[in-house]
A.B. asks: 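Just passing along the structure, written as structure tokens.
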Amino acid sequence: MGGALPRDTAARMRFAAPMLDALILLWLAALPLMGSPGPATLSLAAMGTAFGMPASLPYLAGICLGTAAVLVAVASGFVGLLFAVPAMVPVVTGAAALYIVYLAVRIATAPPLNAARRGASAPSLLGGLALAIANPKAYAAIGAVYSSVQVVPSDPLADATVKVAALCLVIVSVNSLWLGFGSVFSRVLQTPRAARVANVSFAVLLVLSVGLAVLS
């Protein structure tokens, strides 16, 4: 009964196999670079610890949307044009540093989680969006990952479309995991003292992360 596959089916399979291999390589490159500790990921863990997951979901949405916007800007070549203007680099990095210091202060001074749920509000979707767009690590990491692999070498537009879609999955996955980590971690912080130590520690790490991203 076997017989050969139809010619168009065989052609699609020959096309899909290397494409799948390239996607796997793209994801393997993306996970350590985009999922490693940095301003956005550490801020999400801090939000989960300081405010809990439900209150931090708008902030998570902002981080994901902002990082996706950076990805689209990288894919379209807009980032290259932007950073070709020397004056833009200190403007972007300065804005990132100022906002992250503000965010670190909010995290460090957040009340214990139970109190936060009663009154204090976590940073909003716009707050996450602002941090993601001004995050210096995002441009470097996404630029490195995006240029590392060609998924559809014969079609630049299809290549860009597939890579943007694939990397958006990584953006949502890794950022959700960092927020979840912070939320789970908060459950062991049963005393106000322990919660304060954790919040201040995350705030310090957040400031250090942006310092390293700016200096590297």
A.B. asks: Checking Leu28 now: which residues fulfil side-chain contact (heavy atoms from CB on, under 4.5 Å) with it, not counting sequence neighbours?
C.D. replies: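 Testing Leu28 for side-chain contact (heavy atoms from CB on, under 4.5 Å), a comparison that skips the adjacent residues, returns Ile24.
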
A.B. asks: Would you say Ser148's side chain and Val145's backbone share a donor-acceptor pair under 3.5 angstrom?
C.D. replies: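 Indeed, once roles are kept as given, a pair shorter than 3.5 Å links the two residues.
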
A.B. asks: Under a 3.5 Å distance rule, please check whether Ser56 uses its side chain to pair with a backbone N or O of Met47 as donor and acceptor.
C.D. replies: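 At least one qualifying donor-acceptor pair exists.
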
A.B. asks: Among all residues two or more places apart in sequence or in another chain, which pass the side-chain contact (heavy atoms from CB on, under 4.5 Å) test with Ala160?
C.D. replies: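 Once residues adjacent in sequence are excluded, the partners of Ala160 under the side-chain contact (heavy atoms from CB on, under 4.5 Å) criterion are Tyr146.
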
A.B. asks: What salt bridge (Lys or Arg N to Asp or Glu O under 4.0 Å) pairs are there with at least one residue in residues 59-75, not counting sequence neighbours?
C.D. replies: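 For residues 59-75: none.
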
A.B. asks: For Ala166, give me all partners under side-chain contact (heavy atoms from CB on, under 4.5 Å), at least two apart in sequence or on another chain.
C.D. replies: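 Checked Ala166 against side-chain contact (heavy atoms from CB on, under 4.5 Å); matches are Leu23, Leu26, Trp27.
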
A.B. asks: According to salt bridge (Lys or Arg N to Asp or Glu O under 4.0 Å), does anything in residues 163-177 pair up with another residue at least two apart or in another chain? List the pairs.
C.D. replies: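 For residues 163-177: Asp159-Lys163.
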
A.B. asks: Quick one: side chains of residues 58-66, donor-acceptor pairs under 3.5 Å with protein atoms, not counting sequence neighbours, listed by atom name and distance.
C.D. replies:
unit_1 : atom_1 : unit_2 : atom_2 : d
Tyr59  : OH     : Ser43  : OG     : 2.8

A.B. asks: Roughly how far apart are Met53 CE and Leu44 CG, rounded to 0.5 Å?
C.D. replies: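 Spacing of CE (Met53) from CG (Leu44) equals 9.5 Å.
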
A.B. asks: Atom CG of Leu129 and atom CD1 of Ile133: how far apart are they, to the nearest 0.5 Å?
C.D. replies: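 Interatomic distance, Leu129 CG to Ile133 CD1, rounded to 0.5 Å: 4.0 Å.
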
A.B. asks: Would you name the heavy atoms of Ser147 and Gly143 that are closest together and state the gap between them?
C.D. replies: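 Residues Ser147 and Gly143, closest heavy atoms: OG-O, 2.9 Å.
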
A.B. asks: Is Leu177 reachable from Ile142 through a run of I, L, V, M, F, W or Y residues, each pair having side-chain heavy atoms under 4.5 Å apart?
C.D. replies: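 Different hydrophobic clusters.
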
A.B. asks: Looking at Cys168 and Ala68, what are the two nearest heavy atoms and their distance?
C.D. replies: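 What the structure gives for the nearest pair is SG-CB, 4.1 Å.
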
A.B. asks: Only counting residues at least two apart or in another chain, list the ones meeting side-chain contact (heavy atoms from CB on, under 4.5 Å) with Ala165.
C.D. replies: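 With sequence neighbours excluded, Ala165 shows a side-chain contact (heavy atoms from CB on, under 4.5 Å) to no residue whatsoever.
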
A.B. asks: Show the atom names and distances, to 0.1 Å, of all donor-acceptor pairs under 3.5 Å that link a side chain in residues 29-42 to residues at least two apart or in another chain.
C.D. replies:
unit_1 : atom_1 : unit_2 : atom_2 : d
Ser36  : OG     : Pro32  : O      : 3.2
Ser36  : OG     : Leu33  : O      : 3.1
Ser36  : OG     : Lys137 : NZ     : 2.8
Thr41  : OG1    : Ser36  : O      : 3.1
Thr41  : OG1    : Gly38  : N      : 2.8
Thr41  : OG1    : Gly38  : O      : 3.3

A.B. asks: Do Val162 and Leu71 belong together in a cluster built from hydrophobic side chains that touch within less than 4.5 Å?
C.D. replies: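 Same cluster: Val162 reaches Leu71 through Ile, Leu, Val, Met, Phe, Trp or Tyr contacts under 4.5 Å.
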
A.B. asks: Do Leu179 and Leu57 make a side-chain contact, defined as non-hydrogen atoms from C-beta onward lying under 4.5 Å apart?
C.D. replies: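 Yes, side chains in contact.
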
A.B. asks: Please check if Val170 and Val172 belong to a single hydrophobic cluster, counting links between Ile, Leu, Val, Met, Phe, Trp and Tyr side chain heavy atoms closer than 4.5 Å.
C.D. replies: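 No, no single cluster joins them.
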
